[in-house]
Amino acid sequence: MVVATCAACGLPGSGSVTRVDDATIPYQLLEPDSGEPGPTVQSDPEGSGALTFWLVEDALVPEPAGASCADPPHVVARQLLDELVAGPSERARATGRSTAVAPDTELVLVDLADATAVIGVDPGATLSPDRLPVAIGQIVLTVTTAPGVRSVEFASGDEPVQVPLPDGVLTSGPVTAADYAALVPERFDASQGLGCPGA
């Protein structure tokens, strides 16, 4: 850590120096500049409302969504699903955001009860198996930022659909944001919940 001295900075001379532990320095301030600008990422989205998760390089990162936390939970959840299906805007794509959710994917909010959103999926949608865990993670992480939504279950018709966790293990039960926290950079603690109050 480099310490610079300033003779006339206007600071009171206490005569003592306090060393700051590197672990307490905010994210990336101690990292050397690579000289290459990376994609701009919302640095502190927590508490900013409903969030949409986009793919940036190999991780899912949140950014404020167009949905308002003041709306009923089912309205917010539907708006978030619509945003995911529409994909990132051209401007967002220019800053490095992409999506693992295929453009022909149909996502329908079938039910929202007991803090679980049931999402109907079109079995005919095309998605490569290696992208499926990320796509499911994108949907789950996004929808659980709606107020009152704690978990997500997928269904086709009246039947539950098995979905992969990040490690590829299939499950047909409700999944949570914490189940997909491994896909999110550490600075965004998805396991602790992000998004609307009560999400």
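Start at 1 with the first residue, then count along the sequence. All values below were derived from every heavy atom in this structure, side-chain atoms included, with hydrogens, water molecules and symmetry-related copies excluded.
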Roughly how far apart are Q79 CD and H74 NE2, rounded to 0.5 Å?
10.0 Å
Shortest non-hydrogen pair, A146 vs P73, comes out as CB-O, 4.3 Å
Hphob cluster co-occupancy, V163 + V85, side-chain heavy atoms under 4.5 angstrom
yes
Tell me the closest heavy-atom pair linking A67 and A50, and the distance in Å.
O-CB, 4.0 Å
Rounded to the nearest 0.5 Å, what separation is found between the CG atom of L81 and the CD1 atom of I139?
7.5 Å
Quiz question: by atom type and distance under 3.5 Å, do the side chains of Q162 and T171 form a donor-acceptor pair?
no
Please tell me whether R93 and T95 have a donor and an acceptor in their side chains that are separated by less than 3.5 angstrom.
no
Looking at CG of L84 and CG of L141, how far apart are the two atoms once the value is rounded to the nearest 0.5 Å?
10.0 Å
Answer yes if L80 and F53 sit in the same cluster of Ile, Leu, Val, Met, Phe, Trp and Tyr residues linked by side chain heavy atoms under 4.5 Å apart, and no otherwise.
no
Could you check whether atom CG of D167 has more than 12 heavy atoms from other residues, nucleotides or ligands sitting under 6.0 Å from it?
yes
Test of understanding: clusters of I, L, V, M, F, W, Y form through side-chain heavy atoms closer than 4.5 Å, transitively. Do V149 and V75 belong to the same one?
no
Are the side chains of T99 and P88 in contact, using a 4.5 Å heavy-atom criterion?
yes
Are the side chains of V143 and I119 in contact, using a 4.5 Å heavy-atom criterion?
yes
Check T144 against A177 and note the closest heavy-atom contact, atom names and distance.
OG1-CB, 3.6 Å
Can V161 be reached from V175 by stepping across I, L, V, M, F, W or Y side chains whose heavy atoms are under 4.5 Å apart?
yes
Applying a strict under-4.5 Å side-chain criterion to I, L, V, M, F, W and Y, I'd like to know whether V121 and L109 cluster together.
yes
Nearest-0.5 Å distance that lies between atom CD in E63 and atom CD in E83:
8.5 Å
Return yes if a side-chain donor-acceptor contact under 3.5 Å exists between S151 and T116, otherwise no.
yes
How close do W54 and G87 get, heavy atom to heavy atom, and via which atoms?
CH2-C, 3.4 Å
What distance do Y180 atom OH and I136 atom CD1 have between them, rounded to the nearest 0.5 Å?
6.0 Å
For a 4.5 angstrom cut-off between non-hydrogen side-chain atoms, does P147 reach V76?
yes
From the list V184, V56, T52, side-chain contact (heavy atoms from CB on, under 4.5 Å) partner of V61 resolves to V56
Has Q138 got a side-chain atom pairing as donor or acceptor with L60's backbone, closer than 3.5 angstrom?
no
State, to 0.1 Å, how close A155 and V118 come at their nearest heavy-atom pair, and which atoms those are.
CB-CG1, 4.1 Å
